[in-house]
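Report on the structure given below.
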Number of protein chains: 2
Amino acid sequence: MGAMSNVERAVSALRQMIFAGELPPGSDHLETELAEKLGMSRTPVREAALMLQAQGLVEMRPRRGIRITPVSAADMAEIYDILTELESLAAARAAEAQYSKADLANLATAIRDMDGALARDDLRAWAEADDRFHRELVRLGRNARLSMVVSVMRDQVRRARATTLFMRPKPKQSNEDHRVVYQAIARGDAKTAHDTHHAHRQAARDMLVALLEKHQFHGL
Amino acid sequence: MGAMSNVERAVSALRQMIFAGELPPGSDHLETELAEKLGMSRTPVREAALMLQAQGLVEMRPRRGIRITPVSAADMAEIYDILTELESLAAARAAEAQYSKADLANLATAIRDMDGALARDDLRAWAEADDRFHRELVRLGRNARLSMVVSVMRDQVRRARATTLFMRPKPKQSNEDHRVVYQAIARGDAKTAHDTHHAHRQAARDMLVALLEKHQFHGL
DNA sequence: GTATGCATCTGTGTATACATTAACGCATGA
DNA sequence: TCATGCGTTAATGTATACACAGATGCATAC
């Protein structure tokens, strides 16, 4: 049943609290404090923090506590640059892999869901489906390490998105792009898949960074 | 003096032992065993292992010990794909940054050192200077996260290189490429810097993967 | 000879204790 | 008022203890 160690529990709990904003960016938390809150001893909390530190979600500073890493607009630019390159590579590789329509079903579904969510003005559902599309795209690229790096970066993006989702223009062009990428992959056109996705991400990057800078979220 | 924690000591010591082949890929080691060898208790060893695990150098499997991650030819292909994309981006960004000749001194030195090493047939010195060139290139790209990801990937490459260095053809084209990249950066030509470096890395990838497959280093 | 179950044993996951050392406040002096 | 130094306090880094669970080997049954 409880086939889950305390370390794993601590990792999920801390992640959730960070994404929910319960542990705000820039805030410090003592190991003892978190241990008590999670109902376990310091040891698993420390190990969990170590893992989250490796993913850039927290920083452990001796005697100052575990700090929830703040993410500035400049940081987000860095992150998006990496995402752009790696996801585009994944798109190209996916196109080269000669997938069948069936293999691409998840992609198609995600696109449809985004359309639906957009029609209903349901931005949360849109964001969820968008995430799903990008995750699936990377998976199809068949590079386990790339997937891991991307997922770490995406975690950071998600933190920023929580606050910017309702400030940004409606993602209309976005779905056009997804469709082009999908079709390019379906017909094995690696260059188009790559370049379209690259432009897609770069546009998202510029929009988001501008938004963050404008609203001076210099350390969210 | 000893302003270095046991965890830090354990991390360096383990890294060194891994790179030196003293802890061979695929081998398992109990926490107690390593703790004794390093002259400390299990706690810092565990924490060090956790960090190295996040970098993909070891895997901790309950009750089976700490395994030194083996790297197959397929793994190396994955790793090089990531390196190729991210380093090329760094090259492009470096070109955009309008660096002065003085800023690029380290690059120039590395290239000169490679020339010298090649003339003396000193492959070790060549590899060291090559590493230096690539590290500096990434640094000039000014993306801290990218630098970290690349450095993790490069650690893996280094492990494979140790065994393949003396099997590969003399890296002659290599230095031509470096020179072109350098000049492109110097004159602010991002596209040439990017594309040249991209091709450079891809060629290295293909050569190395072929070499590894041929010699059936299926888990070194 | 092979499969199945059980007992043993050992390594890990976690809690806890403790020494160290950096941060903080206060007092002292300029 | 502000800087400097010292003592106190408290958080961490590390060691250690211990319970649990999974692996291993053996015995037994088929």
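Here the structure is a predicted model, which means the values were calculated and not measured. We use all heavy atoms of the structure for the numbers below, so side chains are in, but hydrogens, waters and symmetry mates are not. Labels below follow one simple rule: chain letters A, B, ... track the order of the sequence lines, proteins then strands, and each chain is numbered from 1.
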Among [options], which nucleotide has an atom closest to any side-chain atom of [X]?
X	options	result
A:Thr32	D:dT14, D:dG22, D:dT12	D:dT12
A:Arg42	D:dA15, C:dC18, C:dA15	C:dC18
B:Arg63	D:dA21, C:dT14, D:dT16	D:dA21
B:Met40	D:dA15, C:dT16, C:dT12	D:dA15

- prompt: Side-chain N or O of B:Arg46 less than 4.0 angstrom from OP1 or OP2 on C:dG13?
  reply: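 Checking C:dG13 against B:Arg46, a side-chain N or O does come within under 4.0 Å of OP1 or OP2.
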task: Would you tell me if any nitrogen or oxygen in the side chain of A:Thr43 comes within less than 4.0 Å of OP1 or OP2 on C:dT14?
output: no
Most 5' of A:Arg64 and A:Pro44 on DNA chain C, judged by nearest nucleotide: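 Final value for this comparison: A:Pro44.
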field: Residues B:Val150, B:Arg135; criterion side-chain contact (heavy atoms from CB on, under 4.5 Å); working and verdict
entry: CA-CA 9 Å; B:Val150 165; B:Arg135 252 201 324 273; over 6 Å; no
message: Just by distance, no angles: are the side chains of A:Asp81 and A:Thr84 close enough, under 3.5 Å, to form a donor-acceptor pair?
response: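 Judged by distance alone, the side chains do not pair up.
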Give the rounded distance in Å between these two atoms: [atom1] of [X] and [atom2] of [N].
X	N	atom1	atom2	answer
B:Glu47	D:dT14	CD	P	7 Å
A:Leu30	D:dT9	CG	P	18 Å
A:Leu50	D:dT12	CG	P	13 Å
B:Asp28	D:dT24	CG	P	11 Å
A:Glu31	C:dA22	CD	C1'	15 Å
A:Asn6	C:dT16	CG	C1'	15 Å
B:Glu36	D:dA15	CD	C1'	15 Å
A:Glu33	D:dA11	CD	P	9 Å

- prompt: Taking atom CG of A:Leu38 and atom CG of A:Asn6, what is their separation to the nearest 0.5 Å?
  reply: 9.0 Å
- prompt: Any ion pair linking A:Arg64 and A:Glu59 (charged N to carboxylate O, less than 4.0 Å)?
  reply: no
query: Mind checking whether B:Arg159 and B:Ile68 have side chains closer than 4.5 Å, heavy atoms only?
result: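 Side chain of B:Arg159 against side chain of B:Ile68, heavy atoms only: contact under 4.5 Å found.
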message: What's A:Met60 touching, base or sugar-phosphate or nothing? Going by heavy atoms closer than 4.0 Å.
response: nothing
